[in-house]
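Just so you know, ligand 1 is whichever comes first in the structure, and atom 1 is the first atom listed for that ligand.
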Amino acid sequence: MIVTLKNIIPVIGAKWVGEFDAADISHISIDSRSLQNGSETLFFALSGPNNDAHNYIGELIDIGVVNFVVSYIPDDVKNQANFLVVPNTLAALQQFATWYRNHFKFPVIGITGSNGKTIIKEWLNFLLGPDFNIIRSPKSYNSQVGVPLSVISINEKHNIGIFEAGISTVSEMEKLEPIIAPTIGILTNIGSAHDEGFSNIAQKIKEKLKLFKHSDLLIYNLNKTIEAFIPSVTKRFSWSFKDETADVYLERRISGEHTSILVTWNERAFEVVIPFRDDASVENAVHCLMVLLHLGYENDVIKSRISMLFPVEMRLKVKNGIYNSTVIDDSYSSDFQSLKIALDFLETQKQHKKKTLILSDIFQSGLTNEELYSRVSQLVISNKINRVIGIGETISAFKNKFVNCITFDTTNEFLAAFDTLNFGNETILVKGARQFRFEKVVALLEEKTHETVLEINLNAISHNLNFFRSKLDPGTKMMVMVKAFGYGNGGIEIARLLEHHKVDYLGVAFADEGIALKTQGISLPIMVMNPESTSFASIIQHGLEPEIYSLKGLDAFLKIANDKKLEHYPIHIKLDTGMHRLGFQEPQLAELIAILRHHKSVKVKSILSHMATSDDLRHHEFALSQIALFEKMSSLMMDQLEIDPIRHILNTSGISNYGEAQFDMVRLGIGLYGISNDASEQKYLENVGTLKSIISQIRTIPTGDSVGYGRRFIAEHETRIATIPIGYADGISRHWGRGAGYVNINGKKAPITGSVCMDMLMVDVTGITCKEGDPVVIFGENPTVIYMAQKLETIPYEILTSISQRVKRVFYRE
Ligand SMILES: *Cc1c(COP(=O)(O)O)cnc(C)c1O
């Protein structure tokens, strides 16, 4: 469908400010960092509480974008582009998507509910794939922004749509409903807890059901509370394991690793094997089965396709690869939309200059192959990919569309040629459809790790950053502390993400941490809190900015700065307002000011202090006295030196408890990593790190036998013991052993028996269904680091930073 600006103006009710309104629009974008084709892009400048895309319009004009939907025209770009001015740019994006959606008349499946949306969507894509050209939401694009972006990828070739909708509060579904306009609805499992955004579960159900206001049919698990809210125009198509009055009645039998169910509907009765046994997967599979029944599939087809369902891996994982490469593993899907997302992600991961894409044939794009591979080639060029390795017969046939490209007809041919491809010192995106079995490719590229890993959720970090940003006054800057390897979570990877999110400053403890970040390409300014005099020369060489906290340090730095004939080199002055750790005290200020006044080699970029009790309201008065003293001392310096530095005193708990003292910047630390010192705030943060291992061995011991060194555990009954390859050398405190702590195996608590050893620990798995090789969670969602810290009488900071560097970090995003 060809869309021009002229079409769009009335649809979104825009005021037109520009010269040329006949332009074709072939791309819609909201993210200034990932643009594909400038002149045919319409950029919607969305603005959140802390990030306003209007600020990037200038940069976008520089790279060739000419069409913008804005809520105001920033002064610096007046008359430089076409502007569609609307009251609210998000609402405009949604109106546009609704209008666009209305041009297509094919069936659309809309999915909502608390759990399972993305899995059902991916499974339906697999089940219906042989018979339809499917358009579906990429990954879990189900939000107020994600849904419109998904829908505007529909084109004429598609003949069925599958979209998911997720809401967190009332009134959101009303906006998503006309955009998706589902004809077939699926209501997945509704979680029993009510979320923050809803007053009770009935309200939550009622809100979710608004998605199906105009649907012809609703598929759901029979339940009286739900029925009360189903719109009267909607035909009900219910299923149940319990209630024979449901439209489709199912009898469930578990057999080994599978679940077999007997399906009875109208005159039909047949058995289906679902290759899973957990309740959630079975329920998701049944929802898919209902769609197949509704669409008129035969028993045999249903049976054979359902039996092939597979675990859905939705996450893009970043792994350390062979020969100093980095592997981004997205080896479970290859559609055009998710290729775009993966390439955007590759762009944020600036580990290496060189970038390689390993790509399989792409299915169901709704485009001709000619058109499809032209577009893929455009994406490859705009993302500056250095080499493309194509696997599959179709991509091989279009090899000439790419510049530096090698192709193979099959994955096995690629594997046979692997050693000749010289992988190393590059970022490799591995992106392929399931049937190409690219997990074999990843296995070869991946550096071998031992079984214990700390998984870091990059989405959670972004979420937590945004949460704290939302607490800042407009204009307050943000420094993020990435000292101690990003609190144990990985320094460089997190620094890159923060650079992507345009924070203002990074903070490290020592010069070598800052040097490591700079040499790996981080360009954000970095403050070094504890620079030793011996490191001043390399601090300057790498463009790091020292914190100066004593006259002696100042003197030493000035000597070097003068020698090197520096001018206005940025330094940060630390004031001691009561922490009594580092910093100038009040009586030293006069001398400090006198020296600074006479030296133009340095410039006071910022003045800071640190609070001793921002997390503990029992010391509220003391905290206020620190803030007051900071105000007084910093004002004196500013008046006498006639300077206007950035002032900052708040750490994470300071942001939570002393928001009025933001000054010009805050220093976020532990909060980014998902930990708040304030219980009421904790629930808004997402868990970042999950320390995982596996079961090495399981044995059963009789009553009276002991486990481990010193026989510190004696079995009081027959006991099943599992051994996990993680110990105190990995950072697990010995105090966590001997029954004090537990690990999580298949959702169950397994208490640690006996003492934690150097490289291993043993747990009691009596009564827990598990086998050798099963995954074990040491901490993460359960137990949380906060819980561990309480039990161990320490603080989460110590637990996180104790995880030894021999534990591999694996980064992923949802
Ligand atoms: C570590 C540190 C922070 C961050 O503290 P959190 O409690 O982790 O937010 C801020 N300022 C200074 C000086 C620090 O050393």
query: Looking only at atom types and distance, does a side-chain atom of Glu545 sit under 3.5 Å from a main-chain N or O of His572, one as donor and one as acceptor?
result: no
message: Using the ring centroid of each side chain, check whether His620 and Tyr658 are separated by less than 6.0 Å.
response: yes
message: For ligand 1, give me the residues whose heavy-atom distance to it is below 4.0 Å, by chain and number please.
response: Met481, Lys483, Tyr487, Met529, Arg581, His610, Asn651, Thr652, Arg667, Gly669, Ile670, Tyr797
query: Is the centre of the Tyr787 ring less than 6.0 Å from the centre of the Phe779 ring?
result: no
query: Going by atom types alone, do Ser656 and Glu681 pair a side-chain donor with an acceptor below 3.5 Å?
result: yes
message: Would the distance check show the side chain of Asp678 and the main-chain N or O of Ser676 forming a donor-acceptor pair, the cut-off being under 3.5 Å?
response: no
task: Only counting residues at least two apart or in another chain, list the ones meeting salt bridge (charged side-chain N to carboxylate O under 4.0 Å, His left out) with Glu547.
output: Lys574
